[in-house]
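Letters A, B, ... mirror the listed sequences (proteins, then strands); counts begin at 1. Only heavy atoms go into these numbers, but all of them, side chains included; no hydrogens, no water, no symmetry mates.
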2 protein chains.
Amino acid sequence: MANKDYTLNQEQVARFAKAMGHPARIAILGFLAKQTECYFGDIHEELPIAKATVSQHLKELKEAGLIQGEVETPKVKYCINRENWQLANKLFGEFFGQCVCKKESCCK
Amino acid sequence: MANKDYTLNQEQVARFAKAMGHPARIAILGFLAKQTECYFGDIHEELPIAKATVSQHLKELKEAGLIQGEVETPKVKYCINRENWQLANKLFGEFFGQCVCKKESCCK
DNA sequence: GTTATTGTTCGCAAATATACGAACAATAAT
DNA sequence: ATTATTGTTCGTATATTTGCGAACAATAAC
C-alpha cells in the first residue's frame with residue numbers, strides 16, 4: 001500500500017456518483033433538469049415509490065449538493081443546484097476524458 | 001404515481017454511477033485509465049485497503065462493465081473496458097447536458 | 001377550533017455494501 | 001513433493017441503504 005487515502009477530487013466524484021447511483025434519483029434529477037417548475041408533488045407523481053421514500057431520495061440529492069429546495073408553504077419547490085451541476089459535469093467530463101484507451105484497447 | 005418504472009437509460013446511468021460511487025473504485029478507474037499496464041498487485045499498492053477488498057471492488061467494476069480482466073498466471077491484468085467507458089462518457093454527458101439551468105437558475 | 005393540504009420525520013424491517021483475515025486455487029520454482 | 005507467488009473466494013461482522021406506514025408540523029380554509 002502506497003501513500004494511502006483518496007484525493008479530494010476522487011472523494012467528490014465518488015460522492016456525486018453515489019448520489020446518482022439509484023434509478024429513482026436519476027429519474028428525479030432528469031425530471032428537475034427539464035423544468036423550472038418543480039414541486040414535491042409533481043416529483044412524487046412521476047415515481048413508483050411512497051412519498052416518504054421520495055422525500056428521502058430528495059434529501060440525499062440535496063446533501064450531495066445536486067439539488068436545492070425552498071419552502072412555498074404548503075408546498076416545497078425543488079430544483080437543480082446549478083453551480084454543483086456544472087461542477088459535476090466538469091468532474092465527470094475530466095474523469096472520463098483521462099482515459100488513454102481512446103483509440104486502442106489496453107487489454108485485448 | 002404515474003406510469004411507473006424507470007427507463008433503461010435511467011437504469012444504465014444509475015448502474016454506472018453506483019459502480020463509481022466509492023472513492024476506492026474511482027481511484028481504481030483513474031489508475032487504470034492512465035495506463036496500459038495494469039496488474040492486480042499494482043492496483044493493490046495504490047490503495048489503503050486489504051487485497052480481499054480490492055478484489056471485491058474490481059469484481060463490482062467488472063460486473064458494471066467498466067473494466068475487464070484477463071489472467072496471465074500467476075498475475076491478473078486489468079484494464080478499462082473501452083466500449084463501455086465510452087458509453088458511460090456519452091450517457092453522463094447527455095445526462096448533464098439535458099439541464100435547462102445552463103444560464104438561469106430554476107429556483108432563486 | 002376543526003379540517004384539509006402538503007411534505008418531513010420517525011421507527012422499523014429487510015436487503016446491500018464494506019471490510020477483513022483465513023483458506024483456497026493455480027501455477028512456477030526448487 | 002514442497003515452497004513461493006499472485007489473486008480469488010469464503011465466512012463473518014458491522015454499517016449503510018432502501019422502503020414503507022404512521023405520526024407529526026405548518027399553514028390555510030372553514
Here the salt bridge (charged side-chain N to carboxylate O under 4.0 Å, His left out) pairs for residues 16-31 of chain A, sequence neighbours left out, are Arg25(A)-Glu60(A)

Between Leu66(B) and Ala88(B) the two heavy atoms that sit nearest each other are CD2-CB, 4.2 Å

Applying salt bridge (Lys or Arg N to Asp or Glu O under 4.0 Å) to Lys90(A) and not counting sequence neighbours gives Glu94(A)

Of the candidates dT8(C), dT27(C), dT18(D), the side chain of Thr73(B) sits closest to dT27(C)

Sequence neighbours excluded, the answer for side chain to side chain contact (heavy atoms under 4.5 Å, CB included) partners of Asn84(A) is Phe16(A), Asn81(A), Leu87(A)

Residues in residues 52-62 of chain B with a heavy atom under 4.0 Å of DNA chain C, by number, are Ala52(B), Thr53(B), Gln56(B), His57(B), Glu60(B)

Comparing Lys75(B) with Arg25(A), nearest DNA chain D nucleotide closer to 5' gives the residue Lys75(B)

Is the side chain of Gln35(B) donor-acceptor paired with the backbone N or O of Phe31(B) at a distance under 3.5 Å, no angle test? yes

Discussion item. If you compare every side-chain N and O of Lys18(B) against the phosphate oxygens of dA17(C) (OP1, OP2), does one of them come in below 4.0 Å?
Written reply: yes

Would one find a side-chain N or O of His44(A) under 4.0 angstrom from OP1 or OP2 of dT6(C)?
-> no

Interatomic distance, CZ@Phe96(B) vs CG@Leu91(B), rounded to 0.5 Å, equals 11.5 Å

Axis-to-axis angle for the helix from dG1(C)-dC30(D) to dT30(C)-dA1(D), ends of five pairs each, to 10°, equals 0°

With sequence neighbours left out, the residues meeting side chain to side chain contact (heavy atoms under 4.5 Å, CB included) with Lys59(A) are Glu63(A)

Residues passing the side chain to side chain contact (heavy atoms under 4.5 Å, CB included) test with Gln10(B), sequence neighbours excluded, are Ile26(A), Ala27(A), Tyr6(B), Thr7(B)

Here the distance between atom P of dA15(C) and atom CD1 of Ile49(A), to the nearest Å, is 18 Å

For Phe95(A), the ring pair (Phe, Tyr, Trp, His ring centres under 6.0 Å) test, sequence neighbours excluded, returns Trp85(B)

Rounded to the nearest 0.5 angstrom, the NZ-CG distance for Lys34(B) and Leu29(B) is 11.5 Å

Sorted by chain and number, sequence neighbours left out, side chain to side chain contact (heavy atoms under 4.5 Å, CB included) with Thr53(B) holds for Ile49(B), Ala50(B), His57(B)

Between protein and nucleotides 2-5 of chain D, what N or O pairs are separated by less than 3.5 Å?
none

